[in-house]
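Quick caveat: nothing in here was measured; it's all calculated off a predicted structure. Whatever order the structure lists ligands and atoms in, that order sets their numbers, starting from 1.
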Amino acid sequence: MKIGVFDSGVGGLSVVQSLLEHQLFEEIVYFGDTARVPYGVKDKNTITRYALEAVEFFKNFDIDLLITACNTVSAYALDDMRESSGFDIAGVVKPGIIATANALHSFEAEILIIGTQATIASRAYEDPLRAQGFTNITSKATGLFVPMVEENINEGPLLQAAMEYYFHDIKTPDAIILGCTHFPLIAHAIKQYFHHQSTMIHSGEAMVQYLQQHYDFHQKFTTTELKFFASENPEGLKKVAKKWLAL
Ligand code: DGL
């Protein structure tokens, strides 16, 4: 299977990392819209327009499936993307919801959803979870974490201060949905902030579980061909990929 992975920038590499760990694909074509990141502060029309342009880009490759690693795009644009593409499209929100429900044993469990402003405003995680019966849900836009991760700040006093700012009045959750591509890189710090009491829901891992349930994977690939594209500074993206994916 040959797949595409789309993100607003470099963050989607956290999803690629999970895909590589599970050796499911022979070839992955990655596109990060680095010229226009962040998407998380933009409105639905703009996010959808950018996402449809990415679909056009992926039409140049013979992919079987497009994984939308970006939570913001997954929250707003999947239906429009599906309409205009000739391939299957999977977003990270649905797998994240399934993984959360599977991880919890009670509808009273405390769930914390964190993401970009746009993802939180969309209620794409919160509404389906409430519809399933979960009642104790807190949604919080934690956009400051995005530039911090981009700046390689994944520990230390600045991150601690941001966590204090966002989380000081939040009761320790049973599950935390890391509803943004960048957050797996600070998952250890968030987990520690909540005294290792919370289950972390990671988009990449949730996506792997989802794909394994929906597709027949007959073999594992010890090597995966990776192609990286970016709308700006592709060399910069390749550098981050080398580091994050230990290539
Ligand atoms: N990729 C985005 C997401 O997962 C985060 C960065 C952005 O705002 O574009 O929501």
Side-chain angles (χ1 to χ4, degrees), residues 4-19 28 30-55 57-58 66-78 80-81 89-97 99-100 112-126 139-154 159 162 166 176-187 190 200-208 210 228-233 236-237 240-241 244-245:
V5 176
F6 167 46
D7 183 46
S8 55
V10 299
L13 293 169
S14 66
V15 173
V16 173
Q17 189 172 35
S18 304
L19 299 175
I28 299 177
Y30 184 94
F31 172 65
D33 193 1
T34 47
R36 303 190 291 198
V37 70
Y39 282 15
V41 292
K42 299 191 165 72
D43 70 9
K44 182 178 194 293
N45 287 342
T46 306
I47 294 162
T48 306
R49 181 159 54 85
Y50 290 173
L52 292 179
E53 286 171 18
V55 167
F57 172 79
F58 280 105
L66 177 60
I67 293 178
T68 300
C70 181
N71 283 261
T72 305
V73 171
S74 302
Y76 285 99
L78 284 193
D80 292 292
M81 289 169 82
I89 299 193
V92 286
V93 171
K94 191 171 171 194
I97 291 170
T100 306
L112 171 64
I113 304 165
I114 54 175
T116 63
Q117 255 177 50
T119 298
I120 297 305
S122 75
R123 303 180 64 90
Y125 281 103
E126 181 164 344
S139 292
K140 189 119 207 164
T142 56
L144 276 179
F145 291 154
V146 174
M148 282 190 170
V149 169
E150 300 254 342
E151 287 288 324
N152 232 342
I153 299 169
N154 41 36
L159 179 61
Y166 287 132
I176 302 176
I177 299 180
L178 302 169
C180 172
T181 46
H182 289 57
F183 298 172
L185 281 102
I186 50 166
I190 298 174
M200 311 303 273
I201 306 296
H202 176 306
S203 295
E205 284 158 27
M207 177 57 81
V208 167
Y210 177 81
F228 296 106
F229 298 90
S231 51
E232 184 179 276
N233 190 12
L237 182 127
V240 180
W244 286 15
L245 306 175

Problem set entry | Trace of the side-chain hydrogen bond (donor to acceptor under 3.5 Å, both in side chains) decision for N45 with T48 | CA-CA 5 Å; N45 287 342; T48 306; 5.7 Å; no

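A distance-only check finds no donor-acceptor pair linking the side chain of Q117 to the backbone of G143 [under 3.5 Å]. A side-chain donor-acceptor contact under 3.5 Å links K42 to the backbone of R36. A donor-acceptor pair under 3.5 Å links the side-chain atoms of Y30 to the main chain of G12, judged by distance alone.
Closest protein heavy atom to atom 5 (C) of ligand 1: C180 SG, 3.5 Å. For atom 10 (O) of ligand 1, the closest non-hydrogen atom of the protein is T72 OG1, 2.6 Å. The shortest contact between atom 6 (C) of ligand 1 and any protein heavy atom is with S8 OG, 3.6 Å.
At a 4.0 Å heavy-atom cut-off, ligand 1 does not touch V41 at all. In T116, the part holding a heavy atom less than 4.0 Å from any atom of ligand 1 is the side chain.
With hydrogens and angles left out, the side-chain atoms of S74 and N71 include no donor and acceptor closer than 3.5 Å.
Taking every heavy atom of Y39 and a limit of under 4.0 angstrom, the matching atoms of ligand 1 come to 7 (C), 8 (O), 9 (O). The ligand atoms of ligand 1 that sit less than 4.0 angstrom from a heavy atom of V37 are 9 (O). Per-residue contacts place T181 under 4.0 angstrom from the following atoms of ligand 1 (heavy atoms of the residue considered): 1 (N), 2 (C), 3 (C), 4 (O), 5 (C). Close contacts between ligand 1 and D7 involve ligand atoms 1 (N) [criterion: under 4.0 Å to a heavy atom].
Of the listed options S74, G12, G40, G40 places a heavy atom closest to atom 8 (O) of ligand 1.
In summary, the aromatic rings of Y76 and Y39 are positioned with their centroids too far apart to meet the 6.0 Å limit.
Screening T142, L112, L178, L159 for a side chain to side chain contact (heavy atoms under 4.5 Å, CB included) involving I190 leaves a single residue, L178.
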